[in-house]
Amino acid sequence: MCVIGGDGSLTGANIFQEEWSGLLEELAQNGKISEEAVKMHGYLNVVGMVGSIDNDFCGTDMTIGTDSALHRIIEVIDAIMTTAQSHQRTFVLEVMGRHCGYLALVSALACGADWVFLPESPPEEGWEENMCIKLSENRARKKRLNIIIVAEGAIDTQNKPITSEKIKELVVTQLGYDTRVTILGHVQRGGTPSAFDRILASRMGVEAVIALLEATPEIPACVVSLNGNHAVRLPLMECVQMTQDVQKAMDGGRFKDAVKLRGRSFEGNLKTYKRLAIKLPDDQIPKSNCNVAVINVGAPAAGMNAAVRSAVRVGIAEGHKMFAVYDGFDGFAKGHIKEIGWADVGGWTGQGGSILGTKRTLPGKYLEQIAEQIHVHNINALLIIGGFEAYLGLLELSAAREKHEEFCVPMVMVPATVSNNVPGSDFSIGADTALNTITDTCDRIKQSASGTKRRVFIIETMGGYCGYLANMGGLAAGADAAYIFEEPFDIRDLQSNVEHLTEKMKTTIQRGLVLRNESCSENYTTDFIYQLYSEEGKGVFDCRKNVLGHMQQGGAPSPFDRNFGTKISARAMEWITTKLKGSQGKAKKFVTNDSICLLGIRKRNLLFQPVTELKKETDFEHRIPKEQWWLKLRPLMKILAKYKASYDVSDAGQLEPVHQHGTQGELADI
């Protein structure tokens with residue numbers, strides 16, 4: 001049995017498995033089944049997948065449905081922000097989560113809320129006064145809107161409920177602000193699933209089947225889940241037990257334990273939220289006397305602004321002076337550099353594109369001028385947020401260290417590009433937003449054909465030579481084929497795809513979807529593929545083509561990109577601080593390779609990798625990594641499109657003890 005549900009369903013499945021042999025005996029005694037049947041079906045294997053919007057199941061980073069619920073919440077918050085800004089209002093927003101504050105916490109992080117109330121981490125005594133002080137301080141800083149997020153199960157340290165109405169009354173009576181309450185309710189459970197959820201659920205479905213095929217009578221029931229970008233199997237009962245322990249800790253007033261039991265991901269989120277939401281008074285921050293510059297490089301990607309906001313605020317909290325470099329390396333050379341303060345980046349998380357401005361220009365042409373600007377502004381470290389150009393730029397700066405000692409400062413890059421083609425990281429900021437755009441568009445395009453006769457759509461996606469968007473978009477939208485550069489194809493492949501689709505279209509299937517990466521082949525262009533399918537499908541289906549173009553780069557960032565940008569950038573700033581602290585008092589020059597790094601996600605770890613070491617992993621001609629993790633998911637798309645394909649199970653998760661989950665891998669912080 002494969003059970004998809006929350007802890008209730010999974011606990012039930014576990015009990016059913018434990019009682020299975022007893023139930024068979026009973027049936028045999030009552031003459032309902034024969035003794036042979038009892039022997040033949042002596043044991044039942046159970047695998048669980050966690051489907052719950054609360055993300056309240058211990059042992060899993062993300063449950064199926066959580067990301068979609070966050071999409072609904074963020075859509076509402078973005079809409080509220082525009083009305084609240086016009087009216088100078090305070091909004092109290094109540095989100096789901098009776099016993100778990102995950103949705104409240106992550107949406108607060110994703111929109112930069114002023115205050116958040118969670119069941120696991122009740123506010124300290126005297127919170128009423130503290131909250132009102134914070135709100136009035138924000139108003140004094142010219143912030144026109146206040147947002148307070150409340151989980152429906154929010155409580156105080158005495159376990160008494162804190163309701164959204166109570167908070168509203170408090171703000172109105174203490175501060176006299178115009179305050180509104182919005183309760184989201186079941187909106188959060190509805191809507192179409194996000195791209196992340198579709199891909200997560202598809203991957204977990206495969207893992208569940210593999211786990212069942214490999215199961216033996218001795219193996220206990222397990223749940224399949226993601227740890228970082230890595231599939232794992234965990235003992236079902238231990239996870240259920242731990243989930244119940246959280247509730248017990250909360251009932252007993254052991255709130256610190258409750259937060260710890262939720263795992264590193266939850267704990268990390270809470271820490272990051274507190275650092276970014278509450279600014280200490282200047283006299284309480286020890287000064288580092290270091291200047292750190294932040295720059296965007298390459299094409300715009302949704303989530304860049306969230307990363308800049310996070311870097312600026314973490315930097316200020318760690319005592320640095322933060323400088324913003326406008327318009328990429330081009331602006332750097334021209335001296336477009338300004339100090340940037342805590343309040344300057346307020347409200348940036350939800351903004352698409354790049355507020356600092358970004359260009360594809362590489363630093364090579366301007367080394368003299370950039371070195372001079374670093375000298376003039378006395379910059380001690382550099383954080384670069386960008387795509388493949390940012391990576392090339394870092395390599396150029398690294399090579400120029402011998403000639404210009406100004407470049408002998410710690411430099412770190414955070415990958416941000418819709419193409420997801422930066423070596424050294426499984427994900428980059430902006431790719432999730434682009435995937436959602438592709439998935440939504442494919443959904444709409446497919447819908448446009450409902451009611452018409454059979455139709456096939458050929459859709460071209462961005463990504464340069466990197467097939468990530470075409471491949472993952474195909475998986476999320478249920479495509480029949482996705483043509484990518486990394487997997488060469490010839491006329492025979494095209495022919496078999498067309499024949500396969502024609503056969504499918506002769507049945508009850510009404511619509512086909514074919515994705516093509518923009519640079520997958522020089523000669524098999526989108527037009528060629530469109531004409532081929534049109535000709536071969538005559539009498540069975542007709543064809544339409546769409547080039548999605550730059551809509552994939554724009555739009556408001558998805559919850560994933562806001563949070564990923566916020567957290568990975570905060571980690572990068574912590575790295576810079578550690579490097580600078582180690583050199584204080586000494587006029588230290590940073591000349592080693594490990595002082596120019598790229599921060600990326602690999603499976604379940606967050607790694608700082610020297611850019612010079614990543615050279616050997618890079619195909620510079622096509623601007624892609626030589627090995628891409630997502631190619632392993634190719635056969636999955638083919639199987640789902642009814643092709644016979646073999647799936648590589650060598651990477652399947654092994655059963656692991658659950659207690660390690662909360663402590664292993666840096667990725668839980670993301």
Indicate yes or no for a side-chain donor-acceptor contact from T182 to the backbone of L93 under 3.5 Å, with no hydrogens or angles considered. no
Would you kindly say whether D443 and Q447 are connected by a side-chain donor-acceptor distance under 3.5 Å? no
Given 3.5 Å as the limit, does a donor-acceptor pair link the side chain of D178 with the main chain of R89, or not? no
I'd like to know if the side chain of N305 and the backbone of I355 have a donor-acceptor N/O pair within less than 3.5 Å. yes
Could you go step by step and tell me if I316 and V312 meet the side chain to side chain contact (heavy atoms under 4.5 Å, CB included) rule? CA-CA 6 Å; I316 291 170; V312 167; 3.8 Å; yes
How close do Y273 and D114 get, counting heavy atoms only, and between which atoms? OH-C, 3.3 Å
Identify whether the distance between the nearest side-chain nitrogen and carboxylate oxygen of E94 and K168 falls below 4.0 Å. no
Is the side chain of T63 donor-acceptor paired with the backbone N or O of V50 at a distance under 3.5 Å, no angle test? no
Would you please name every residue forming a side-chain contact (heavy atoms from CB on, under 4.5 Å) with R313, sequence neighbours left out? L276, R309, W342, V345
Cut-off 3.5 Å, side chains only: do D7 and T243 have a donor facing an acceptor? no
Could you walk me through whether F427 and W630 pass the ring pair (Phe, Tyr, Trp, His ring centres under 6.0 Å) test, one step at a time? CA-CA 10 Å; F427 296 111; W630 48 265; over 10 Å; no
Tell me the closest heavy-atom pair linking P415 and L599, and the distance in Å. CD-O, 3.0 Å
Report the C-alpha distance between L261 and M242 in whole Å, list the side-chain angles of each, state the deciding distance to 0.1 Å, and finish with yes or no for side chain to side chain contact (heavy atoms under 4.5 Å, CB included). CA-CA 7 Å; L261 283 165; M242 216 163 126; 4.1 Å; yes
Applying side chain to side chain contact (heavy atoms under 4.5 Å, CB included), run through T66 and I53 and close with a yes or a no. CA-CA 4 Å; T66 307; I53 67 164; 5.5 Å; no
How close do N159 and M250 get, counting heavy atoms only, and between which atoms? ND2-O, 3.4 Å
Minimum-distance pair of heavy atoms, taken over all atoms of S354 and P300: N-CB, 4.4 Å
Residue pair D245, Q241: steps toward the side chain to side chain donor-acceptor pair (under 3.5 Å) verdict: CA-CA 6 Å; D245 288 348; Q241 189 54 52; 3.3 Å; yes
Side-chain (K134) to main-chain (A277) donor-acceptor, under 3.5 angstrom: yes
Evaluate salt bridge (charged side-chain N to carboxylate O under 4.0 Å, His left out) for R72 paired with E75, printing each intermediate quantity in order. CA-CA 5 Å; R72 301 295 91 78; E75 280 159 19; 3.5 Å; yes
Would you call the rings of Y102 and F266 parallel, tilted or perpendicular, taking 30° and 60° as the class edges? tilted
So which of N436, T566, T433 actually passes side-chain hydrogen bond (donor to acceptor under 3.5 Å, both in side chains) with D561? T433
Heavy-atom donor-acceptor pair, E152 side chain to G97 backbone, under 3.5 Å: yes
Under a 4.0 Å threshold between the charged nitrogen and the carboxylate oxygen, would E267 count as salt-bridged to K260? yes
Taking the side chain from Q552 and the backbone from A434, do they hold a donor-acceptor pair closer than 3.5 Å? no
Minimum heavy-atom distance between A110 and R562, given as atom pair plus value: O-CD, 3.3 Å
If the test is side-chain contact (heavy atoms from CB on, under 4.5 Å), which one of T157, N130, I162 qualifies with P123? I162
Grab the two heavy atoms, one from L270 and one from S121, that are nearest each other, plus how far apart they are. CD2-OG, 3.7 Å
Anything under 30° is parallel, anything over 60° is perpendicular, the rest tilted; go ahead and classify W115 against F117. tilted
For G101, is there any backbone N or O sitting under 3.5 Å from a side-chain donor or acceptor partner on E120? yes
N605 side chain vs L607 backbone, donor-acceptor pair below 3.5 Å: no
Main-chain N/O of G268 paired with K567 side-chain donor or acceptor, under 3.5 Å: no
